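Accompanying notes for the structure given below.
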There are 2 protein chains.
Amino acid sequence: MGTTDYDLLWGEATRAGRGRPSGLSRERIVAEAVAIADAEGLHKVSMKHLAERLGSGVMSLYRHVPGKDELVVLMYDSLMTGPLPLPEADHWRDVLRHWGFGVRDLFIAHPWALTVATSERSMGPGEAGWVDTMIGRLTAVGLPAELGLIAVLTVDCYALGAVRPEIGGAEGDTDFFQFLADPAARTRFPNLARLAEPGSATKTAMKDHYEFGLERLLDGLERFIESQH
Amino acid sequence: MGTTDYDLLWGEATRAGRGRPSGLSRERIVAEAVAIADAEGLHKVSMKHLAERLGSGVMSLYRHVPGKDELVVLMYDSLMTGPLPLPEADHWRDVLRHWGFGVRDLFIAHPWALTVATSERSMGPGEAGWVDTMIGRLTAVGLPAELGLIAVLTVDCYALGAVRPEIGGAEGDTDFFQFLADPAARTRFPNLARLAEPGSATKTAMKDHYEFGLERLLDGLERFIESQH
DNA sequence: CTAATTAGCGTACCTCATACGCTAAACTGA
DNA sequence: TCAGTTTAGCGTATGAGGTACGCTAATTAG
């Protein structure tokens, strides 16, 4: 599986030459699949539906993509093709903060990608490019080189876990603690019940939950770097 | 969907009474499904396979569970039924550290659960119980009450994102950067290439990546609390 | 005993992914 | 130009998986 994904992501591009020319291409298929997933959800990406959108037969897709699972892997990495969409910054902390929010924006724009990101996978060329660029930027503004990768991945991991409640708008949090509407639940979970109190400090803090955690993480990295001289 | 999950997770238990007594039960079905997922993976949990294991007809399961998707939601929350398996500690930092490692252990023991955790869902009674207990413990050892929930969830989010590479043993990291075996890739991604150098400091740091990030996050929380007096 | 109630489950249907093999369109070399 | 080669397009068939429907069976309430 790992090997398969590797060959898929890093393998040679299609070599031109003899034979019937292709109307379809891997890029076109992947792009259309991403469009479907963005608009209708990943579960609506079926080979049939995809073929209809592309105006081709279902089995034609298999000439360009080994199968459905592999298509999803390609879809994910395709999100990170192209240059890293991040502003320049003068301090590594700002670079990492932008990265953190950029990752959040990515998964808000493509909610289906979160499932892919947290599944077993290997790193593709798109993701590798972004991470490599990030490390370069960080070291350029003073972050010790040996910390670059681990800093990027740590923030990335946080972002991955913390972005879930951000997806789907602000009502996510409300739904998540829906059970607190029941008085019996508030008795059973007295500490969580604080959330249901009007004007609760915890509740307001939860509003900016994502940013709060990110800043704490950056604080922690800063303290670590200071402690290393 | 949110509403459906809510009713499913928090709804009344089966009321006994008239009618044919049930040999199956929601608990038995969910427990068996978890056993299958642990041993063979989530994709092997099919209604057919599950029914065979339980010695029942496929459609009998639908008397106890609305459908496959709902079953998965129940499977996830069932992991957090029972008491929180965490040692006592005297400092909030130790409590949170244990939580962080506990979450990691949970997902290592039940890798399929990571997909569920990062999908759209509402909080079930099991998870609510654990979080509530955590907040109680944290406040008992001095963490300000209004920080309890956000601290638990922040660590939880980090754990969720960072646990992925930990699943499946140590070879995960190797595979993840497999492409660096190719010299062309090392040229294309010079900053990542550092990983491929023998004796690279980055590489050794990545070994304990999970713990590193967790400690940074705890450092950050500590600094925040200090700054609040 | 009869009616009501609820569990078990066989059958049928629908959606999906995909293996197989044929056809079509190009290129290559004589 | 034509025969051979190569590769794309795709129709058909298969098998797996989820589940709606409705019948049957077991048990309790009156």
Side-chain angles (χ1 to χ4, degrees), chain A residues 1 4-5 7-8 11-33 36-37 40-75 112 115-116 119, chain B residues 1 4-5 7-8 11-33 36-37 40-75 112 115-116 119:
Chain A
M1 258 228 270
T4 304
D5 278 2
D7 293 340
L8 175 77
E12 300 302 310
T14 45
R15 67 235 141 137
R18 306 210 283 190
R20 184 177 182 169
S22 53
L24 288 170
S25 72
R26 176 172 287 188
E27 287 67 33
R28 221 159 67 82
I29 291 171
V30 171
E32 192 66 35
I36 294 173
E40 311 174 53
L42 190 56
H43 65 111
K44 278 297 187 66
V45 178
S46 71
M47 301 308 262
K48 189 177 152 87
H49 189 185
L50 184 52
E52 278 164 7
R53 292 282 205 107
L54 291 163
S56 77
V58 177
M59 293 313 292
S60 307
L61 304 176
Y62 288 88
R63 290 283 176 197
H64 303 270
V65 160
K68 172 76 180 290
D69 292 347
E70 290 83 357
L71 172 62
V72 173
V73 170
L74 291 169
M75 287 169 64
W112 54 269
T115 314
V116 186
S119 65
Chain B
M1 258 226 271
T4 305
D5 279 0
D7 293 340
L8 176 77
E12 301 301 311
T14 46
R15 68 234 140 136
R18 304 208 282 189
R20 185 176 179 168
S22 54
L24 288 170
S25 71
R26 175 172 289 188
E27 286 67 32
R28 218 158 70 81
I29 291 172
V30 171
E32 192 65 36
I36 294 173
E40 311 173 55
L42 190 56
H43 65 112
K44 279 298 187 64
V45 178
S46 71
M47 300 308 263
K48 189 178 152 91
H49 190 184
L50 185 51
E52 277 164 6
R53 292 285 204 106
L54 291 163
S56 76
V58 177
M59 293 313 291
S60 308
L61 304 176
Y62 287 87
R63 291 282 178 199
H64 303 270
V65 161
K68 172 76 181 292
D69 292 347
E70 290 84 356
L71 172 62
V72 173
V73 171
L74 291 168
M75 286 168 65
W112 54 270
T115 315
V116 186
S119 66

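Each chain gets a letter, A, B and so on, in the order its sequence line appears, and its residues count up from 1. Just so it is clear, the model here is predicted, and its values are computed rather than measured.
At the heavy-atom level, B/Gly19 lies under 4.0 Å from base atoms of the strands shown.
If you take CZ of A/Arg63 and C1' of C/dT23, they are 11 Å apart, rounded to a whole angstrom. The nearest whole Å value for the distance from the CE atom in B/Met47 to the P atom in C/dG10 is 15 Å. The OH atom of A/Tyr62 sits 21 Å away from the P atom of C/dC22 (whole-angstrom rounding). C/dG10 atom P lies 11 Å from atom NZ of B/Lys48, rounded to whole Å. Going from atom CZ of A/Arg26 over to atom C1' of D/dA8 covers 15 Å, rounded to whole Å. Following rounding to the nearest Å, B/Leu54 (CG) and C/dC9 (C1') show an atom-to-atom distance of 14 Å. When rounded to the nearest whole Å, the span between CD of A/Glu40 and P of C/dT15 equals 15 Å. Distance, B/Leu61 CG to C/dA7 P: 13 Å, rounded to whole Å.
In this structure, B/Lys68 reaches the D/dG18 phosphate: one of its side-chain N or O atoms is under 4.0 Å from OP1 or OP2. Distances shown here put every side-chain N or O of B/His43 at or beyond 4.0 Å from the OP1 or OP2 atom of D/dG17. Taking 4.0 angstrom as the limit, A/Ser22 places none of its side-chain polar atoms (N or O) nearer than this to OP1 or OP2 of D/dA8. Look at A/Ser60 and you'll find a side-chain N or O under 4.0 angstrom from OP1 or OP2 of D/dC10. In this structure, B/His49 does not reach the D/dA16 phosphate: none of its side-chain N or O atoms is under 4.0 Å from OP1 or OP2.
Atoms NZ and CG, on B/Lys48 and B/Leu61 in that order, are 12.5 Å from each other to the nearest 0.5 Å. Taking OG of A/Ser46 as the start and CD1 of A/Ile36 as the end, the distance is 7.5 Å to the nearest 0.5 Å. Distance check: A/Leu8 CG to A/Leu74 CG gives 4.0 Å after rounding to the nearest 0.5 Å.
Checking D/dG18, C/dG21, C/dG10 against the side-chain heavy atoms of B/Met59 singles out C/dG10 as nearest. Closest approach to the B/Val58 side chain among D/dT19, C/dT18, D/dA8 is made by D/dT19 (side chain taken as heavy atoms from C-beta onward). Nearest to the side-chain atoms of A/Ser46 among the listed nucleotides C/dA17, D/dG18, D/dC10 stands C/dA17.
The pair A/Arg26-A/Glu32 fails the salt-bridge criterion, with no side-chain N (NZ, NE, NH1 or NH2) lying under 4.0 Å from an Asp/Glu carboxylate O. Using a 4.0 Å cut-off between charged nitrogen and carboxylate oxygen, B/Glu52 and B/Lys44 do not count as a salt-bridge pair.
Of the residues near DNA chain D, B/Pro21 and B/Pro66, the one whose nearest nucleotide (by heavy atom distance) lies more toward the 5' end is B/Pro66.
In the interface, the side chain of B/Arg20 is not paired with the base of C/dG8 through any donor and acceptor atom under 3.5 Å apart.
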